[in-house]
Amino acid sequence: MIKYKIKLLGLIYEIFLRLPTYKQLWIIHIFFSFIFGFSVSCMFLSHFHGNLLKNSTTLEFFDKHRRIQRYRYNFRRDTYKRKINKIKNEIKELEEFIVKFPSASNINKKRKELEKKKKELQSKINSYDELGKLSYKFVSPSTKNIPKSILHNPYNIGKLKNFYQVFGRSPKRWFIPVPSSMGDGYHFPKRKLERFI
């Protein structure tokens, strides 16, 4: 299969070399025009969907990722802290039991459990220290299981209203470079957080 592809590419290249110079230039021009047009279209669509319809700037878009990463990072650290404190309390209870009841029938079992808890505690402390050495930027920016208060954009009033706010309600003026946006440019409608919950 690969040999046929290489032969096909070689054949196309030979045909290209046999063409007159002006046709070669046109083919190169069309190829690079397609690449440029495709790149610009992708960038336009990503900004249109990611920024315009959600009523946010590029900086706010990237700031949302930073806030999510910070939240995830702090959540993981807090989770480790809670687990460490829980294990410490369990170790304290086991040590108190061993001191109070040294001749209990299950004392050997409790000692083994204490050793196991100490190893588990050391493991959690090591994991917590390793996490502390990392930057929050290494944490996933996924929006899954993130509270709405972190994701809330007060200026996102709905896709259609966001679009009207930038382009105005008159379709005739959307493609003409005249002021058509709604509002005075200083005050903007806001959406309350309660509507997202």
Side-chain angles (χ1 to χ4, degrees), residues 26-89 121 123-197:
W26 267 108
I27 290 170
I28 292 169
H29 175 73
I30 289 168
F31 174 75
F32 282 109
S33 297
F34 172 77
I35 297 293
F36 179 74
F38 181 75
S39 303
V40 169
S41 299
C42 288
M43 193 174 91
F44 169 75
L45 289 172
S46 68
H47 276 76
F48 186 81
H49 181 265
N51 293 352
L52 182 97
L53 294 182
K54 294 180 182 174
N55 217 357
S56 68
T57 63
T58 308
L59 291 174
E60 288 170 339
F61 176 76
F62 286 112
D63 183 61
K64 183 178 91 170
H65 287 290
R66 184 190 61 78
R67 282 184 282 128
I68 290 169
Q69 286 174 318
R70 274 195 183 278
Y71 173 81
R72 283 191 181 283
Y73 179 78
N74 290 331
F75 182 80
R76 282 174 67 183
R77 282 180 64 88
D78 292 342
T79 303
Y80 274 119
K81 275 184 189 176
R82 282 196 299 273
K83 286 179 180 177
I84 287 168
N85 288 333
K86 185 184 174 187
I87 295 168
K88 279 181 179 177
N89 290 335
L121 176 64
S123 170
K124 295 289 180 192
I125 289 170
N126 291 341
S127 299
Y128 180 78
D129 291 341
E130 286 296 318
L131 185 63
K133 291 174 188 175
L134 292 175
S135 169
Y136 71 89
K137 293 177 182 177
F138 291 101
V139 181
S140 168
S142 169
T143 56
K144 190 178 179 183
N145 299 327
I146 299 292
K148 298 292 184 186
S149 59
I150 303 291
L151 303 173
H152 177 58
N153 174 10
Y155 299 103
N156 184 1
I157 54 175
K159 290 181 180 179
L160 188 62
K161 288 182 181 177
N162 291 343
F163 184 84
Y164 285 155
Q165 199 173 6
V166 175
F167 286 97
R169 290 190 178 271
S170 174
K172 295 174 186 174
R173 301 176 76 186
W174 289 351
F175 302 101
I176 303 170
V178 293
S180 61
S181 57
M182 298 169 67
D184 58 5
Y186 295 102
H187 304 94
F188 302 96
K190 289 185 180 180
R191 192 173 191 176
K192 291 182 180 179
L193 178 61
E194 287 76 28
R195 292 180 69 178
F196 283 90
I197 295 172

*Any chance you could measure Asn51, atom CG, to Asn162, atom CG, to the nearest 0.5 Å?*
11.0 Å
*Got a donor-acceptor contact below 3.5 angstrom from the His47 side chain to the Met43 backbone?*
yes
*On the 0 to 90° scale, with breaks at 30° and 60°, tag the Phe75-Tyr71 ring pair as parallel, tilted or perpendicular.*
parallel
_Is the ring pair Phe62/His65 parallel, tilted or perpendicular, if the boundaries are 30 and 60 degrees?_
tilted
*Please check if atom CH2 in Trp174 has more than 12 non-hydrogen atoms from other residues, nucleotides or ligands closer than 6.0 Å.*
yes
*What is the minimum heavy-atom distance between Ser142 and Ile68, and which atoms define it?*
O-CG2, 3.3 Å
*Before accepting this row, confirm whether a basic side-chain N of the pair Asp63/Arg67 lies closer than 4.0 Å to the acidic partner's carboxylate O.*
yes
*Quick one: are Ile157 and Phe188 in side-chain contact, heavy atoms under 4.5 Å?*
no
_Spacing of OG belonging to Ser135 relative to CD belonging to Gln69, to within rounding of 0.5 Å_ = 8.0 Å
*Any side-chain heavy atom of Ile84 sitting closer than 4.5 Å to one from Lys81?*
no
*asked:* If we check side-chain contact (heavy atoms from CB on, under 4.5 Å) with Lys54, which of these qualifies: Glu60, His49, Lys159?
replied: His49
*Point-to-point distance, once rounded to the nearest 0.5 Å, from CZ of Phe44 to CG of Leu52*: 8.0 Å
*Do you know the tightest heavy-atom contact between Ser56 and Gly50?*
OG-O, 3.7 Å
*Mind checking the CG-CZ spacing from Asp78 to Arg76? Nearest 0.5 Å is all I need.*
12.0 Å
*asked:* Less than 4.5 Å apart, side chain to side chain, heavy atoms only: is that true for Tyr155 and Lys190?
replied: yes
*Parallel, tilted or perpendicular: which describes the rings of Tyr80 and Tyr128, with under 30° parallel and over 60° perpendicular?*
perpendicular
*Would you say Leu121 and Ile125 make side-chain contact, with heavy atoms under 4.5 Å?*
yes
*asked:* Just so I know, are the side chains of Arg72 and Ile146 near enough to count as touching, which here means a heavy-atom distance under 4.5 Å?
replied: yes
_Less than 3.5 Å apart, any donor N or O on the side chain of Asn55 or Gln165 sitting next to an acceptor on the other?_
yes
*asked:* Distance check, rounded to the nearest 0.5 Å: Arg77 atom CZ versus Asn74 atom CG?
replied: 7.5 Å
*Excluding sequence neighbours, so at least two apart, what forms side chain to side chain donor-acceptor pair (under 3.5 Å) with His187?*
Asp184
